[in-house]
Amino acid sequence: MIVRSAVKRSTYVDSVTLMLVQKEVRQQPGVTEAGLVVATDANRTLLRDAGLLSPEAEAAGPDDLVISVSGTSDNVVAAALALAEQLLTQRRHPTAAGEYRPRTIAAARRMLPDATIAAISVPGRFAAAVARDVLQEGLHVFLFSDNVPLEDELALKRMAAERGRLLMGPDCGTALVGGVGLGFANKVRRGSVGIVAAAGTGLQEVSTLIHRFGGGVSQGIGTGGRDVSQAVGGMTMLQGLAALAADPETTVLVLVAKPPHPGVAARILGAAQRAGKPVVACFVGSRVASRGRVVGAGTLEDAALTAVRLAVGRTGEPPPSLALPAQEAARLAPGQRNLRGLYSGGTLCAEAQGLLRGYVGHVRSNAPLDPADATDGLAPSSGHTVLDLGGEEFTQGRLHPMIDPTLRLQRLAQEAEDPEVGVVLLDVVLGFGADRDPAQTLAPAIAQARQQALAAGRYLCVIGALCGTEEDPQEYRDQQEMLVAAGMLVESSNARAARLAGRILAGRGAKSEERASPLLEVTPQDVDLPDAAEVVRLLHAPPQVINVGLELFAESLREQRIPVVDLDWRPPAGGKKHLLELLNKLEA
Amino acid sequence: MAIDHANQEAAARILEGQPILTDVAPAADVIPGMERTLILHAGPPITWERMSGPLRGAVIGGLLYEGLARDEREAAQRAASGTVRFAPCHEHATVGPMAGITTASMPVYVVENRRFGNRAYSTLNEGYGKVLRYGAYSSDVLDRLRWINDVLGPAVGEALRLLGGIDMKSLIAQQLTMGDEGHNRNKAGSALMARMLAPALAETGLDRPNLGRVLRYFAETDLAVLNPVMAACKAILDPAHGIAGSTLVTAMARNGTDFGIRVSGLGNRWFVAPAEIPVGLFFPGFSQEDANPDIGDSTITETAGIGAFAMAAAPAIVQFVGGTPQMALEATQEMYEITVAENPAWGIPVLGFRGTPTGIDIRKVVKTGITPRVNTGIAHKQAGLGQVGAGLVRPPMACFEAALEAAAEALAS
């Protein structure tokens, strides 16, 4: 085994780009393992564990980028290193030659004077400072970064509110602003349904289903999941609600969240009464009681259907499910009684847990609806378990499963070997930002898993929810056909997929005393809507975007023909803590 | 806040400067504190022991020229003995290219900043080949210095007096529209200077052979204007120095061993770190191996917002940095990220006459990780072998980090 490294001094490249290159290098024939990391202590440990720590990598420092490759021969390793460097150079200059990549927000603004919003996806500990700079420049913020401390979120949201600016996030995965997708978003028809979502894949699911049912979306505002916690109090959700209430193009509102803190739910539902428009509320995992102009929806699909009915008066029919639960159940071997869910979307994972509860009782998860059902996601699963593979424990030093299927493919093979597993449930999320061809890797893995089960005298039922539209870059129909051909039972919504799984297991004798969606008992609290004139102005036109962080997002904006300046962001002061403290002193 | 306010004040002073090249006079007559046994050199302070080859050579040449030593050995002994004093040009309102050696009897350009009343000085450019600034001190080098002293200096001084001076701010503005960036390329600026001086030189009453030699000097010396440009930059930067709280850089200079910067609000301290070896193109027969670490006060041009900061104006010399015209644009665009102002007097045509990036803020340098760019000539590491190439270098980040520490301390006290 040959291990060699190239060290690029004082070089910073965002982690997604590094991992995408790493993935490609790893696939080269003869390459055993590849690692592209910034040489922090933690990352050098990762390299050591992977057998990639060469003496050069050992000597590199936190400002340096290390490319390490192990392989079968000198030639293989040298070629792989060259490939990595070439891919990195290509990625560093994705634009037409000649575009200067600014390093500061001020310089970016000068290049795009009509910028309206910044998309920030830098590592969490630097995100608040960037967001502050952006708000100071008078821009709205789409804050994708996670791991932003709560006190920073509060300070930023207050600062945004004072300036009439919208701060979506932190940990905001998706938004549709003026017909343009930010982060992970699908291409959906424009229309009159406005969505405010504290749940990224919730927004993707509802918006694509609205499209499928013949409706259209005016705006999709993300808030970040923590917005509806007691501490944050739904600041952004209230602001979004007020903006859509005032937006003339929006006639129906949809609110999407995992169940908020009851006090916050009361405020949100109270504010919804003042919107002056029908509001469909979907708090995944529970059911909001309909009252006044607020209509409760038990599932994301239900929310989309209701919204389209309210907006255009009729809906396209959801296609009938072709799968026959009893027949599927009959094919399972006697011991196959358990379900495993392998989700890339957190909200979809939560929704599946809520629905499955009504068929099989308690379901374990690393992101449980009920804390009593918590389980360690990294440990082998047992019983009925539904995992959110986008959870923090899975994404340390690894790409999100919506971009990189590796982890899910490994896990799929592992679950298929468990003789007690009869049903595997998963989501396939299409759209901007996501894997360009998920079926290409997933379909053969499903076929193989099913083949293996067959060889072992079992039958494996794989159910998938395909979230996307025919207008997404991935070719929805092709994806669907490849997955169906591999033996997946493809459903057009997550609720249908989860229910199908539940019915199959019920056909195997699973029972539940639980209610699928307990009624959310809150008394709406009378709340004034905040002023949202500036936010309405933002929504009025397609955004012009300053991208800070993942180049992936700049690329998908360019694909949507949106003016974007992609900042060449690096950690301030090289990430050196002492210097940052000095700078804070001198900049206050 | 206070720092931003102080920086605005410092930047305003830089932008308001009115540098006029008024005269040529003996250093001893005009440079404050100049003495016969004082040797001014480029860069931050340095002892004889730590000087690099070209600087040592130039010191020896200076001592021979002043008659302070009879030969090389005696000069070296003197330099080491402490009977002559060394001081940075910068601490005497002076700037010198490469070694920057300036001694009492040398003629120097006088640039007066009419807005603030201060003056700055620099020697006359010696031209190419074996020259003192690269550490050469053979007899032909000294002969040339004597001709500059006896003929060129007085003639140019008289011509300047006849003209009433040359407005250097305007000259720099013009050269920036003619493909110069004012540091590595001064072809256009030198031609402009010659064009202005020529009629006046003819009126000085110089005899024909000498007039011919003086005019030929200007015809052959593409760098003739570099020294007055440097003095003009020094003259406009000095009034910006000493503003309490300001974090703007007022000088960047190298002595061939160390790179040093001075910061407006941090007194006369130099923040130094080992000078780097420039990367660039080498003349035939030379390579990176031959290069001396970075040397010279000519980084005063970058400090004032020209030189590499105005690289977008000079696409003709991008090959020095191994690049394309596009890279020239990027060089200037990058410098806007670490500066606080733009100089409306010095517009860059290709950027829509956007003003040159002006006023380097040490905070921006440390925060962005972008150190100032510098275009530079490259000296041979052995004394007297002269220029071996030209290229690009950046100051070490450590200079700016040390200055930032000091600024934080100053703020706390």
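Since this is a predicted model, take the numbers as computed values, not measurements. A, B, ... follow the sequence lines: proteins, then strands. Residue 1 opens every chain.
With a 4.5 angstrom heavy-atom cutoff, B/Ile370 touches chain A via backbone and side-chain atoms both.
B/Glu401 has a carboxylate O that lies under 4.0 Å from a charged side-chain N of A/Lys576, or vice versa, which qualifies the two as a salt bridge.
Rounded to the nearest 0.5 Å, atoms CZ (B/Arg363) and CG (A/Leu582) are 12.5 Å apart. With rounding to the nearest 0.5 angstrom, the CG atom of B/Leu404 is 5.5 Å from the CG atom of A/Leu586. Here A/Arg101 contributes atom CZ and B/Glu330 contributes atom CD; the two are 10.5 Å apart, rounded to the nearest 0.5 Å.
Counted within 6.0 Å of CZ on A/Arg125, heavy atoms from surrounding residues, nucleotides or ligands total 12 or fewer; the atom is thus considered open.
Under the 4.5 Å side-chain criterion, counting only non-hydrogen atoms from C-beta, B/Glu337 is in contact with A/Pro102. B/Thr368 places none of its side-chain heavy atoms less than 4.5 Å from the side chain of A/Arg570. Side-chain contact check for B/Glu334 versus A/Tyr100: some heavy-atom pair is nearer than 4.5 Å.
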| request: Begin with the C-alpha distance, continue with both residues' side-chain angles, and end with the deciding distance and a verdict on salt bridge (Lys or Arg N to Asp or Glu O under 4.0 Å) for B/Lys364 and A/Glu587. | output: CA-CA 10 Å; B/Lys364 292 187 180 223; A/Glu587 258 166 30; over 6 Å; no
